[in-house]
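Quantities reported herein were computed from a predicted structural model and do not represent experimental measurements.
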Amino acid sequence: MSTDEAGRSTPEEPWPVRVVSQKVGAWIARLGWVWVDGQVAQISRRPGASTVFLTLRDPSADLSLTVTTNRDVLDTGAPELREGARVVLHAKPEFYAARGTLSLRADEIRQVGLGELLARLEKLKKLLAAEGLFDRARKRRPPFLPHRIGLITGRASAAERDVLTNARRRWPAVEFRTVNVAVQGPSAVPQIVDALKVLDADPAVDVIVIARGGGGIEDLLPFSDEALCRAVFACRTPVVSAIGHETDTPLLDYVADLRASTPTDAAKRIVPDLTEEVRLIGQARSRLERAVRNLVDREAHRLGLLRSRPVLARPQVMVDQRATELTALRQRADRCLDHRLAGARDELRHTLARLRALSPAATLDRGYAIVQRADGHVVRAAGEVGKGDPLRVRLAEGELAATVDG
């Protein structure tokens with residue numbers, strides 16, 4: 001081993017290209033005979049030649065191989081074979097060292113029948129469903145009024161015309177970015193997948209519509225392709241499927257965020273109807289005006305009832321009523337006070353009369369006198385004083401001084 005300028009090890013004796021090609025051919029030759037499934041992209045039958053050349057394409061990948069077979073093998077196994085058909089062939093891989101190309105040499109070709117195709121589609125449907133590609137929880141609702149619509153359809157097709165015409169009839173200002181692709185045949189799937197990537201990367205595109213007119217099951221096979229289904233599932237932009245007629249249900253319908261029965265139906269689903277929206281706005285405005293008018297009328301009636309009440313209609317009445325009540329209360333208080341004062345006067349007069357009747361002065365007025373000793377003690381018995389004691393004699397008018405002399 002030696003080392004190059006970059007420090008990488010190199011063999012002392014490099015293999016020539018022919019040796020590498022021969023070894024690759026030898027390894028491929030050891031594969032033997034294998035069964036291969038694919039889609040016929042091209043058939044080449046040369047007049048008078050016994051060899052037929054086919055281009056077999058993998059519908060799920062951008063890969064194709066050349067197949068050579070005998071005309072008798074093709075006429076026996078698939079006499080009505082056409083481009084776009086699915087086939088299963090028994091072939092041996094061959095590597096041409098001189099050109100560095102790989103091809104297949106078939107000794108048996110079988111065209112896949114409708115029943116087998118449906119069985120494969122059903123198996124693929126179960127697989128994708130199990131992986132969650134059909135889950136309703138992940139489906140996104142397209143915007144009510146998209147700014148720009150991405151349309152993937154065949155060039156100058158009826159589906160393209162239906163979508164554009166009906167969408168613009170419903171909303172004249174709608175914008176489209178249309179990508180024309182093959183909608184059947186071996187090149188349909190890669191072209192549709194590439195168009196999806198382009199439109200999904202465009203930030204101005206709010207929704208993507210994949211549209212195609214009606215056709216047989218074989219014609220609609222590209223829209224049940226696993227690669228296309230996974231590409232739609234990976235899109236960040238909502239995808240609408242509008243394939244075939246209402247009864248056609250390719251697998252794309254289950255993966256897409258919204259399924260339209262026809263391209264015309266897709267146009268109705270992705271944009272609102274301007275006339276209908278104007279009518280609905282008019283109805284909403286009418287309902288709003290009625291609601292406001294009813295509210296104003298109801299409040300005006302309520303204010304009218306409030307204004308009609310006496311307290312607001314004639315507020316002086318309440319003042320007059322209160323003044324009358326106040327006057328009545330004052331008069332009642334005056335009467336009560338006069339009555340109590342009169343009773344108090346009578347009671348005082350009677351008490352004064354009793355006091356006068358019981359007063360000693362009244363007794364003195366009748367001629368009696370009060371005899372007191374010098375210390376002010378009233379003399380009630382003769383034995384309470386002695387000879388020579390001074391006495392005071394109180395009369396009705398004035399008093400006398402006296403001395404006891406016996």
Exam field: side chain Asp162 to backbone Pro263, donor-acceptor pair closer than 3.5 Å: no
Can you find a pair of side-chain heavy atoms, one from Ile210 and one from Val239, that are under 4.5 Å apart? yes
Can any side-chain N or O of Thr69 pair as donor or acceptor with the backbone N or O of Ala106 at less than 3.5 Å? yes
Treating His377 as the side-chain partner and Arg373 as the backbone partner, does any N or O pair qualify as donor plus acceptor under 3.5 Å? no
Rounded to the nearest 0.5 angstrom, the CG-OG distance for Asp194 and Ser187 is 11.0 Å
Give a yes or no on whether a salt bridge exists between Asp206 and Arg148, defined as a side-chain N under 4.0 angstrom from a carboxylate O. no
With no hydrogens and no angle check, is any side-chain donor or acceptor of Arg287 less than 3.5 Å from a backbone partner on Glu289? no
With no hydrogens and no angle check, is any side-chain donor or acceptor of Asp200 less than 3.5 Å from a backbone partner on Leu196? no
What residues, two or more places apart in sequence or in another chain, satisfy side chain to side chain contact (heavy atoms under 4.5 Å, CB included) together with Phe233? Leu133, Arg138, Val255
Quickly, which of Arg141, Lys139, Arg140 forms a side-chain hydrogen bond (donor to acceptor under 3.5 Å, both in side chains) with Asp257? Name it, please. Arg140
Would a 4.5 Å heavy-atom cut-off, applied to side chains only, mark Val87 and Leu81 as touching? yes
Distance (rounded to the nearest 0.5 Å) between Asn166 CG and Thr264 OG1: 4.5 Å
Does any non-hydrogen side-chain atom of Pro238 lie less than 4.5 Å from one of Ile208? no
Neighbour count >12 (heavy atoms, 6.0 Å) for atom CH2, Trp27: no
Less than 3.5 Å apart, any donor N or O on the side chain of Thr351 or Arg354 sitting next to an acceptor on the other? yes
Quick one: do Arg293 and Asp297 make a salt bridge, cutoff under 4.0 Å? no
Crowded around Arg155 CZ? As in, over 12 foreign heavy atoms under 6.0 Å? no
Does Arg279 offer a backbone N or O that forms a donor-acceptor pair with the side chain of Gln283 under 3.5 Å? no
Side-chain heavy atoms of Leu391 within contact of Val379, under 4.5 Å: yes
Relative to the ring of Phe134, is the ring of Tyr254 parallel (under 30°), tilted (30 to 60°) or perpendicular (over 60°)? tilted
Going by side chain to side chain contact (heavy atoms under 4.5 Å, CB included), name the residues that satisfy it together with Asp389, two or more places apart in sequence or in a different chain. Val385, Val404
Check: Arg380 main-chain N/O paired with Glu384 side-chain donor or acceptor under 3.5 Å: yes
Is a salt bridge present between Glu347 and Arg349, judged by a nitrogen-to-oxygen distance below 4.0 Å? no
Within-4.5 Å side-chain heavy-atom neighbours: Ser224 and Leu252: no
Going by heavy atoms in the side chains, are Lys125 and Leu121 under 4.5 Å from each other? no
Using side-chain heavy atoms (C-beta onward) and a distance below 4.5 Å, is Val181 in contact with Thr153? no
May I ask you to test the Val271-Arg168 pair for a side-chain heavy-atom distance under 4.5 Å? no
Tell me, please, which residues at least two apart from Glu131 pass side-chain hydrogen bond (donor to acceptor under 3.5 Å, both in side chains). Arg230
For Ser103, is there any backbone N or O sitting under 3.5 Å from a side-chain donor or acceptor partner on Glu94? no
